[in-house]
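Along the sequence shown, the residues carry numbers beginning at 1.
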Amino acid sequence: MKRDIVAVPPESGGVPAPLSQATVSTVAASVALDFTSTDRKFRLSRLKNHSARSGVSFLAFNTLGAALWVPVWTVLGYTVGTYIGEVYDEIARYFGYLLIGLVVLALTLLVRHLLRHRREHD
C-alpha cells in the first residue's frame, strides 16, 4: 500500500493534493542544511546525549507506573464490577455538580491567565 504525503494550501478549502517527490526532497534537504552549523551540531549532540539518559529514565518510570496502575485498575474493576449499577447511579446523580465545578474551575483559570497577561503588558 502506497501512502502519499499531502499538503493543504492555506487559501484552498478543498481536497489536499499529494506532494511531488521533488518537493519532499527539497524540504528534506532544507531541514538537513539547517542543522549544519557548528552551534546546532553542538546543541544537537547535547540533546542526543540527554535524550539517551531520558529514554532510560522514561522506561524505568513507565515500567514502575504500569506496575502500579495495573493492579489498582484490576482490583477496582473486580470490586466495582459487581456493583456497577449502583456506582453508575451515584456517578449520574453527582455528574451535574461535577460539570458545574469543572466549568467554574476553567473560568477561574481563564480569568487568572487574562489578568496576568494584562498585568505583564501594562
Is there a continuous path of hydrophobic side-chain contacts, each under 4.5 Å between heavy atoms, that joins [X] to [Y]?
X: Val72; Y: Val87; answer: yes
X: Tyr78; Y: Tyr83; answer: no
X: Val104; Y: Phe95; answer: no

Aromatic ring pairing Tyr97/Tyr94, orientation class (parallel under 30°, perpendicular over 60°, tilted between):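 Tilted: the ring planes of Tyr97 and Tyr94 meet at 30° to 60°.
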
Let me confirm one number: the [atom1]-[atom2] distance from [X] to [Y], rounded to the nearest 0.5 Å.
X: Ile84; Y: Asp89; atom1: CD1; atom2: CG; result: 10.0 Å
X: Thr74; Y: Trp69; atom1: OG1; atom2: CH2; result: 12.0 Å
X: Leu114; Y: Leu109; atom1: CG; atom2: CG; result: 11.0 Å
X: Asn62; Y: Ser57; atom1: CG; atom2: OG; result: 10.5 Å
X: Leu115; Y: Arg112; atom1: CG; atom2: CZ; result: 10.5 Å

If you compare all heavy atoms of Ala66 against all heavy atoms of Pro71, which two are closest, and at what distance to 0.1 Å?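 That closest heavy-atom pairing would be O-CD, 4.2 Å.
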
